[in-house]
Every structure is written in C-alpha cells, then in structure tokens.
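Working notes for the structure below.
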There are 2 protein chains.
Amino acid sequence: MTDNKFRKREVMMRCVPMNTLQAVLSGKWKFLILWYIAVSKVQRFGELLRRIDGITQSTLTKQLRELEDDGFIHREIYKEVPPKVEYTLTGLGKSFVPILTQMMMWSQTHLCSPDYVSPYTEEQIKELLRQ
Amino acid sequence: MTDNKFRKREVMMRCVPMNTLQAVLSGKWKFLILWYIAVSKVQRFGELLRRIDGITQSTLTKQLRELEDDGFIHREIYKEVPPKVEYTLTGLGKSFVPILTQMMMWSQTHLCSPDYVSPYTEEQIKELLRQ
DNA sequence: CGCAATAGTATCTTTTTTGATACTACTACT
DNA sequence: AGTAGTAGTATCAAAAAAGATACTATTGCG
C-alpha cells in the first residue's frame with residue numbers, strides 16, 4: 001500500500017483541494033483516529049478501541065481500512081498468537097499531523113471551557129507540530 | 001445567536017478537544033461551506049448553492065443552520081423582494097480560517113496531482129492565514 | 001393575469017454510516 | 001477439555017445524513 005493509492009481517485013484527478021480533503025477525511029472518526037495514532041506514535045487495534053470513546057469494533061476496523069487505502073496509515077501484522085497488529089502513520093499521515101495539532105489547539109481555546117487543562121505538554125505539541 | 005451557543009453542549013462541557021471538533025465539524029459539507037464563505041467573505045444562499053458542487057438546497061440549508069447554531073456563521077436577512085440572505089463568518093468562524101487555509105494548502109501539495117495550479121493568489125492566502 | 005426571481009420549508013425516500021451480535025482462528029495455560 | 005486473549009469477519013439492523021420533489025411568499029414587470 002503506497003501513499004499514492006486513493007479510494008476516491010476520480011476526486012483526486014481533477015483536484016479541488018478542499019473537496020478532495022473533505023471526501024477523504026469526512027465522517028465521524030477519521031480525525032480522531034489519526035490524532036490518537038499521532039500522539040502515541042504506534043497503536044495496536046485494541047488500544048485504539050479502548051481509547052476512542054464510543055467507537056465500535058466493526059466501525060474502527062472499517063475506518064482503519066479506509067485510512068490505509070487512502071495512504072494515511074500503515075498496518076503491520078505480526079505473525080504471533082494471539083494476533084498483533086500495529087498501526088503507524090505513513091509519510092502522508094505524518095505530514096498531516098501539524099494540522100491535526102493546530103485543530104486540537106484551536107478547539108482547546110475556542111470550544112472547550114476556559115478552565116480546561118490540556119493533557120499535552122508543550123514539548124509534545126512542539127514535536128507534533130514538527131513531524 | 002452568539003459565539004457561545006453550541007448544538008452539542010454536553011460535548012463541550014467535558015471537552016476533549018479533538019472529540020469536540022469532530023462532533024461539531026463532521027459531515028460531508030461543513031469544511032467546504034466554511035471555506036467558500038471564507039474565501040469570498042460574504043455569500044448569498046444561491047451563490048453558495050451554485051459554487052458547492054453536488055450539494056442540494058435542503059442539505060445546504062440544514063448545514064448552514066447547524067453552522068449558525070454552533071456559532072461559526074452569521075445569517076443576515078434583508079427584508080427585500082426577492083429575498084436576500086447573506087452569510088458571513090463570526091469571530092469564531094474567522095478564527096478557524098487559518099486552519100482551513102492550511103488544510104487547503106496541504107491538500108494541494110499532498111492530494112492533488114503535481115501539475116495542479118492553485119486558483120488562489122499568494123496575497124489571498126496570506127490574508128486568509130491572518131484573519 | 002402569469003411569470004420570474006430568491007430563499008427558503010415540509011415531506012418523504014434513499015443512501016451512507018454506524019452499531020450489535022455472533023462467530024472464527026490460533027496457542028498457552030489451568 | 002475449557003478458557004483467555006487478540007484481531008478480526010460476516011450479517012443484519014438502526015440511525016444519521018443527504019437528496020428529491022413539491023410547495024410557499026413577495027413584488028415588479030410585460
């Protein structure tokens with residue numbers, strides 16, 4: 001699976017940037033999943049399922065497949081028992097992290113209550129903005 | 001309608017930033033609508049309908065109402081015949097424009113074909129990043 | 001009078017997305 | 001032999017989102 005395979009190829013060809021982005025990352029979970037993978041770098045399926053509040057197993061599976069098909073994440077299967085699968089960001093995925101980080105920060109200051117305390121350290125943020 | 005009225009208040013109270021943002025701006029059209037309003041600053045209903053490819057009138061109405069309820073846009077009704085309604089960004093909406101702009105630019109370089117030519121001038125981009 | 005123009009609303013239907021539930025495979029451990 | 005643990009799949013159901021269609025109001029114009 002390379003960074004150049006997209007589910008919605010037609011959209012990409014005559015690309016209108018916002019339309020394409022919207023087509024690829026719309027839905028209820030995509031940003032959240034990318035964010036959780038970005039923050040902890042490597043994620044196993046079960047851990048994502050536990051962390052992302054409210055998502056079901058089948059939905060998570062589908063969303064991860066789509067993100068993989070669209071080139072945002074890589075799925076590494078370890079031939080172990082019990083099974084182990086790790087999800088990591090691809091180059092494309094990593095390049096999107098600074099935007100996710102800014103979205104998180106924007107939401108923090110504009111949507112969350114004023115006394116909200118960020119769970120992320122400044123160093124963490126800096127790193128997320130860099131990658 | 002102020003910047004502090006949200007459709008999904010419960011989400012905001014115990015705010016987990018990415019969750020809240022996702023809850024408020026998910027769906028197939030929100031980013032696109034905000035983007036079109038941001039780029040041309042003031043928009044009439046019919047113009048948005050013509051510009052946003054594939055959206056239907058009833059869907060556009062619904063999405064605009066939600067964006068209004070969530071404090072991103074302002075709806076100005078002119079008591080004229082035929083009717084005239086203009087949509088503009090609120091303070092909250094404007095504060096989100098730099099992120100939209102970066103999303104657009106990211107999509108341009110990472111999703112669109114390499115020979116894609118941006119329809120936006122550098123000055124326009126600069127201004128969009130500032131506001 | 002009949003029509004155009006604009007921004008809708010009100011219903012109903014379809015499509016898409018998400019969820020619930022049950023099931024599988026493999027191995028180690030008790 | 002039965003159970004736990006992981007990452008699923010398969011099927012069906014429900015909910016949410018989006019779309020189609022018909023309708024409204026107002027006024028100026030021919």
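Since this is a predicted model, take the numbers as computed values, not measurements. Order of the sequence lines fixes the chain letters, A, B, ..., with proteins taken first and strands second; residue numbering starts at 1 for each chain.
One can place CD of Q22(A) at 9 Å from P of dA18(D), the figure rounded to the nearest angstrom. As a whole-Å value, the separation of E68(B) CD from dG8(C) C1' is 13 Å. In this structure, the NZ atom of K84(B) is 18 Å from the C1' atom of dA4(C), given to the nearest Å. Summarising the geometry, the separation between CG on L60(A) and P on dA20(C) is reported as 14 Å, rounded to the nearest angstrom. If you measure from atom CG of L64(A) to atom C1' of dT9(D), you get 15 Å, rounded to the nearest angstrom. One interatomic measurement links the two molecules: CD1 of I73(B) to P of dA7(C), which rounds to 14 Å at whole-angstrom precision. Look at NZ on K30(B): it is 8 Å from P on dA18(D), rounded to the nearest Å. We find that CZ of F45(B) is positioned 17 Å from P of dA5(C), with the value rounded to whole Å.
With hydrogens and angles ignored, a donor-acceptor pair closer than 3.5 Å exists between the side chain of Q57(B) and the base of dG8(C).
Nearest nucleotide to the S58(B) side chain, out of dT27(C), dA10(C), dA10(D): dA10(C). Of the listed nucleotides (dG8(D), dG8(C), dG19(C)), dG19(C) has the atom at the smallest distance from the side chain of I55(A). The side chain of T59(A) has dG19(C) as its nearest neighbour among dA7(D), dG19(C), dG8(C). You'll find that the side chain of W29(B) is closest to dA18(D), out of dT9(C), dA18(D), dG19(C). Counting only heavy atoms from C-beta on, R65(A) has its side chain closest to dT9(D) among dA18(D), dT6(D), dT9(D). Of the candidates dG8(D), dG8(C), dA18(D), the closest approach to any side-chain atom of K28(B) belongs to dA18(D). In this structure, the nucleotide among dT26(D), dT9(C), dG19(C) sitting nearest to the side chain of V81(B) is dT26(D).
When the nearest nucleotides of DNA chain C are assigned to K62(A) and P83(A) by heavy-atom distance, the more 5′-ward of the two goes with K62(A). Taking the nucleotide of DNA chain D with the nearest heavy atom to each of T56(B) and E86(A), the more 5' of the two is matched to E86(A). Both G27(A) and I77(B) lie close to DNA chain C; mapped to their nearest nucleotides by heavy-atom distance, the more 5′-ward contact belongs to I77(B).
In this structure, F31(A) has its ring center closer than 6.0 angstrom to the ring center of F31(B).
Considering only heavy atoms from C-beta on, V85(A) stays 4.5 Å or farther from Y78(A) through its side chain.
At dG8(D), one or more side-chain N or O atoms of Y87(A) fall inside 4.0 Å of OP1 or OP2 (strictly under the cut-off). Contact between the side-chain N/O atoms of R44(B) and the OP1/OP2 oxygens of dA7(C) is found at a separation under 4.0 Å.
Using a 4.0 Å cut-off between charged nitrogen and carboxylate oxygen, R75(B) and E86(B) do not count as a salt-bridge pair. A salt bridge does not link R44(A) with E76(A): none of the charged nitrogens is closer than 4.0 Å to a carboxylate oxygen.
The residue Q63(B) sits close only to the backbone: its heavy atoms come under 4.0 Å of sugar-phosphate atoms, none of a base.
Nucleotide dG30(D) forms a Watson-Crick or G-U wobble pair with dC1(C), both donor-acceptor distances falling under 3.5 Å.
When each of F96(A), W29(A), Y120(A) is tested with W35(A) by the rule ring pair (Phe, Tyr, Trp, His ring centres under 6.0 Å), just one qualifies, namely Y120(A).
K30(B) approaches L25(B) most closely through the heavy-atom pair CB-O, 3.9 Å.
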